[in-house]
**Q** 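First the structure, then my questions, so here it is.
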2 protein chains.
Amino acid sequence: MCGRMHDNHCHDRPLQRCGCSGSRIERFIEPCLLLLLLEKPAHGYDLMERLKEFGFDGENQDPGVVYRNLRRLEDEGMVRSEWDTSGPGPARRLYEVTSEGKELLRAWVEVIRQNIATLKSFSERYDALGDLQ
Amino acid sequence: MCGRMHDNHCHDRPLQRCGCSGSRIERFIEPCLLLLLLEKPAHGYDLMERLKEFGFDGENQDPGVVYRNLRRLEDEGMVRSEWDTSGPGPARRLYEVTSEGKELLRAWVEVIRQNIATLKSFSERYDALGDLQ
DNA sequence: GATTCTATATGCATTAGACATATAGATGAT
DNA sequence: ATCATCTATATGTCTAATGCATATAGAATC
């Protein structure tokens with residue numbers, strides 16, 4: 001999502017206002033990781049690529065954010081991992097979702113649907129302003 | 001929105017995970033304030049009440065967050081205010097939206113619509129999991 | 001005049017995340 | 001072989017947003 005505001009949105013506001021902070025859904029990366037891993041177990045480097053499909057800022061996806069989230073999810077028992085030394089290149093940690101993680105994703109989906117409703121209602125309320133816009 | 005996860009979502013996760021941090025849209029209060037003020041100029045205490053209409057946690061709406069956001073918006077020229085000593089009770093600051101603020105709201109609405117699309121696509125992708133859910 | 005209500009404001013701590021950097025094994029080039 | 005590059009994971013630091021607690025002060029009420 002990142003949802004970094006485009007330059008033409010920034011007007012004269014201080015630059016830091018444009019740094020992705022205008023639209024991010026907090027911790028949205030968490031359900032994205034869980035969904036991707038449910039679709040197909042994977043390692044972090046791979047997930048970094050696949051996250052782009054959810055609208056996260058493509059060019060510079062931050063590895064720090066991805067790995068720290070995976071670690072936290074593992075600490076909380078939402079995913080589990082094991083080292084995978086097969087295949088070329090350095091060893092990678094293969095993650096899969098636990099049943100607790102599935103439940104968490106289910107909860108997230110409820111919240112996300114609630115958010116869709118809230119945002120739609122906001123959008124309609126804006127349209128209702130008519131001339132005031 | 002707050003979107004505080006209900007208790008039944010929390011399972012065994014540490015409590016702090018339930019503190020509204022699972023679903024908040026970052027800075028969503030900003031476009032809400034702008035929209036409310038466009039509908040009708042108002043003071044902070046009044047806005048605190050009206051914010052509930054957007055799904056912000058009803059019971060304990062935080063005055064600190066509201067007033068600080070209003071101040072920041074004013075520093076940035078998105079709203080302007082003047083003291084209003086008419087009416088009963090202590091003096092209140094009456095806010096109204098500037099033309100810059102209108103533009104910012106327009107930008108926010110674009111971002112919000114993009115977010116709706118992203119969340120919908122996530123929700124559909126989750127449904128497509130089928131048995132894996 | 002003491003308490004309560006309305007209204008605004010500040011202090012402190014936590015958290016997510018942006019950005020930079022570190023580590024290390026594997027692969028490829030000269 | 002050794003040096004650079006690529007793949008993959010990991011940590012350090014700083015800032016912005018905000019939850020929670022508390023402060024201030026004038027008005028209204030008892």
**Q** Do B:Arg92 and D:dG26 have a side chain to base donor-acceptor pair shorter than 3.5 Å?
**A** no

**Q** What's the CG-C1' distance between B:Asn69 and D:dT18, to the nearest Å?
**A**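 The answer, rounded to whole Å, is 9 Å.
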
**Q** Which is true for A:Arg71 with a 4.0 Å heavy-atom rule: it touches a base, it touches only sugar-phosphate, or it touches nothing?
**A** sugar-phosphate

**Q** To the nearest Å, give me how far apart CG (A:Asp84) and P (D:dA8) are.
**A**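 So the two atoms are 10 Å apart, to the nearest Å.
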
**Q** Side-chain donor or acceptor of A:Arg72 under 3.5 Å from a matching atom on the base of C:dG17?
**A**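 Side chain to base: no pair present.
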
**Q** Side chain of A:Tyr67: nearest nucleotide among D:dA8, D:dG26, C:dA18?
**A**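 The answer is D:dA8, which lies nearest to the side chain.
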
**Q** Please pick, from D:dT9, C:dG17, C:dT8, the nucleotide with the shortest atom-to-atom distance to any side-chain atom of A:Ile29.
**A** C:dG17

**Q** Taking all non-hydrogen atoms of both residues into account, name the closest pair between A:Arg93 and A:His43 and its distance.
**A**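 Taking every non-hydrogen atom into account, O-CB, 3.0 Å.
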
**Q** Would you kindly give the CZ-to-P distance between A:Phe28 and C:dA18, to the nearest whole Å?
**A**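 Atom CZ in A:Phe28 sits about 14 Å away from atom P in C:dA18.
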
**Q** Check for a donor-acceptor pair, side chain of A:Thr118 on one end and backbone N or O of A:Gln114 on the other, with a separation under 3.5 Å.
**A** yes

**Q** Please report the distance, rounded to the nearest Å, between OH in B:Tyr45 and C1' in C:dA9.
**A**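 So the OH-C1' distance, B:Tyr45 to C:dA9, works out to 14 Å.
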
**Q** Can you list every salt bridge (charged side-chain N to carboxylate O under 4.0 Å, His left out) pair that touches residues 111-124 of chain A, not counting sequence neighbours?
**A** A:Arg113-B:Asp127

**Q** In whole Å, what is the span from the CD atom of A:Glu76 to the C1' atom of C:dT15?
**A**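 Rounded to the whole Å, the gap is 13 Å.
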
**Q** Taking the side chain of B:Val65 as heavy atoms from C-beta outward, which of C:dT27, D:dT18, C:dA16 is closest to it?
**A** D:dT18

**Q** Of the non-hydrogen atoms in A:Phe122 and B:Leu35, which two are nearest, and what is the gap between them?
**A**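 Looking at all heavy atoms of both residues, the closest pair is CE1-CD2, 3.6 Å.
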
**Q** What's the closest nucleotide to the side chain of A:Pro63 if the choices are C:dA16, D:dA10, D:dT7?
**A** D:dA10

**Q** By nearest heavy atom, map B:Tyr95 and A:Gly89 onto DNA chain C; which one lands nearer the 5' end?
**A**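 Checking each residue's closest nucleotide, the 5'-ward one belongs to B:Tyr95.
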
**Q** Would you call A:Arg80-A:Glu96 a salt bridge at under 4.0 Å N-O?
**A**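 The answer is yes: the pair qualifies as a salt bridge.
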
**Q** What is the distance, to the nearest angstrom, from the CG atom on B:Asp62 to the P atom on D:dT22?
**A**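 For the pair B:Asp62 CG and D:dT22 P, the rounded distance is 13 Å.
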
**Q** Side-chain N or O of B:Arg93 versus OP1/OP2 of C:dA9: is the shortest distance under 4.0 Å?
**A** yes

**Q** To the nearest angstrom, how far is A:Leu73 atom CG from D:dA10 atom P?
**A**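 So the two atoms are 14 Å apart, to the nearest Å.
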
**Q** Tell me which nucleotide among C:dT8, C:dC12, C:dC19 gets nearest to the side chain of B:Arg68.
**A**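 Among the listed nucleotides, the one closest to the side chain of B:Arg68 is C:dC12.
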
**Q** CD1 of A:Ile25 versus P of C:dG17: gap in Å, rounded?
**A**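 Checked: the CD1 to P distance equals 11 Å.
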
**Q** With nearest nucleotide decided by heavy atoms, which residue, A:Gly64 or A:Ala91, maps closer to the 5′ end of DNA chain D?
**A** A:Ala91

